[in-house]
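Written out below as structure tokens is the structure these notes cover.
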Amino acid sequence: MSTRLQLLRSAERLFAVHGIAEVSLRQIGADAGQRNTAAAHYHFGDKQTLLREVLRARLDTVDARRRELLAAVPAEPGDDVRPLVEALVLPLAAQAVEPGSHYVRFLDRLFAHLDHEVTALARIGGFEQAFATARIVVERLPRLTGPLAAARARWAGRLIISALADLEAEQQTAPGDPEPYTTCLVDAVTGLLTR
């Protein structure tokens with residue numbers, strides 16, 4: 001494994017376990033087994049760039065799966081947003097059940113670090129596919145308008161990230177079949193958006 005990848009994996013785990021503000025670049029370098037504890041600074045420059053790179057390390061896989069799921073959604077708008085919710089949930093759920101993954105817990109910590117402000121995630125970058133999917137969901141819910149639609153979309157995002165972070169933690173200690181959990185989560189988010 002390259003030094004860069006070791007640093008990314010250490011950063012993902014340390015941020016997930018301890019929080020964003022509590023972890024320094026020096027700690028990440030030491031955790032990654034680097035004799036030069038400034039290795040993270042050398043490879044990434046600053047914490048903001050490292051955060052962006054930890055996000056992107058798995059986002060290509062998440063976005064590819066999300067595009068597959070979106071391709072199967074009927075183009076004609078209808079009342080059924082469940083396939084769109086699945087496109088939001090299932091790609092992240094797949095990351096949550098990867099052995100050794102801390103990615104979704106990292107996302108949960110990052111989201112909390114940003115005071116659960118969705119627009120702050122947009123400024124970091126890399127969430128374009130998730131935001132595009134969320135916009136389609138909101139467009140397909142014509143009875144929800146303005147602040148009500150935005151609030152429900154925010155709540156749905158929080159629920160997805162938080163619930164999948166819990167799933168990820170459970171899978172690391174007691175691996176099992178995640179399908180009942182993810183189905184229940186899709187049901188809950190669909191209900192939140194449509195009821």
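Because the structure is predicted, anything quoted here is derived from the model rather than measured. Scope of the values below: all heavy atoms of this structure, side chains included, with no hydrogens, waters or symmetry mates.
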Give the C-alpha distance, both sets of side-chain angles, the deciding distance and a yes or no for side chain to side chain contact (heavy atoms under 4.5 Å, CB included) between W155 and V189. CA-CA 9 Å; W155 299 336; V189 174; over 6 Å; no

Just by distance, no angles: are the side chains of Q27 and E22 close enough, under 3.5 Å, to form a donor-acceptor pair? no

Applying side chain to side chain contact (heavy atoms under 4.5 Å, CB included) to L51 and F44, what does each step give before you reach the verdict? CA-CA 9 Å; L51 288 170; F44 302 102; over 6 Å; no

Keeping T173 on the side-chain end and E170 on the backbone end, is there a donor-acceptor pair under 3.5 Å? yes

In Å and rounded to the nearest 0.5 Å, what is the CZ to CG distance from R26 to N36? 8.0 Å

Under 3.5 Å donor-acceptor, E12 side chain and H102 backbone: yes

Do T182 side-chain atoms and E179 backbone N/O form a donor-acceptor pair below 3.5 Å? yes

Measure across V62 and P91 and return the closest heavy-atom pair with its distance rounded to 0.1 Å. O-CB, 3.5 Å

Yes or no on side chain to side chain contact (heavy atoms under 4.5 Å, CB included) for L69 and V73, after CA distance, side-chain angles and deciding distance? CA-CA 7 Å; L69 292 167; V73 174; 6.0 Å; no

At what distance, to the nearest 0.5 angstrom, does OG of S10 lie from CG of L5? 9.5 Å

Please name the residue in the list Q95, R9, E168 that meets the side-chain hydrogen bond (donor to acceptor under 3.5 Å, both in side chains) test with S101. E168

Salt bridge or not for D166 and R105, using N-O below 4.0 Å? no

Crowding at NE2, H41 (>12 non-hydrogen neighbours, <6.0 Å): no

Quick check on side-chain contact (heavy atoms from CB on, under 4.5 Å): which of D31, L8, V54 does R13 satisfy it with? D31

Could you measure the distance from the CD atom of Q34 to the OH atom of Y42? Nearest 0.5 Å is fine. 11.5 Å

Just verifying a value: how many Å separate E86 CD and L70 CG, rounded to the nearest 0.5 Å? 11.0 Å

Is there a donor-acceptor contact under 3.5 Å from the side chain of Y103 to the main chain of E98? no

Value for CD1 (I160) from CG (L164), rounded to nearest 0.5 Å, stands at 7.5 Å

Side-chain donor or acceptor of K47 paired with backbone N/O of I20 under 3.5 Å: yes

Any residue meeting salt bridge (Lys or Arg N to Asp or Glu O under 4.0 Å) with R4, in chain and number order, not counting sequence neighbours: E53

For I28 and L7 the tightest heavy-atom approach is CG2-O, 3.6 Å

Ignoring hydrogens, what is the shortest heavy-atom contact between A130 and L88? Give both atom names and the distance. O-CD2, 3.7 Å

I need the minimum non-hydrogen distance between Y181 and A163, along with the two atoms involved. OH-O, 2.6 Å

Where do A40 and G29 come nearest, in terms of heavy atoms and distance? CB-N, 4.5 Å

Using only heavy-atom distances, determine whether the side chains of T190 and D187 contain a donor-acceptor pair under 3.5 Å. no

R109 CZ to F15 CZ distance, which is reported to the nearest 0.5 Å: 11.5 Å

Side chain of R65, backbone of L90: donor and acceptor closer than 3.5 Å? no

L185 and L159, any side-chain heavy atoms less than 4.5 Å apart: yes

Looking at every non-hydrogen atom in both residues, tell me the closest pair between G45 and L25 and how far apart they are. O-CD1, 4.2 Å

Verify side chain to side chain contact (heavy atoms under 4.5 Å, CB included) between D63 and R66, making sure each step is shown before the conclusion. CA-CA 5 Å; D63 283 346; R66 190 165 282 140; 3.8 Å; yes

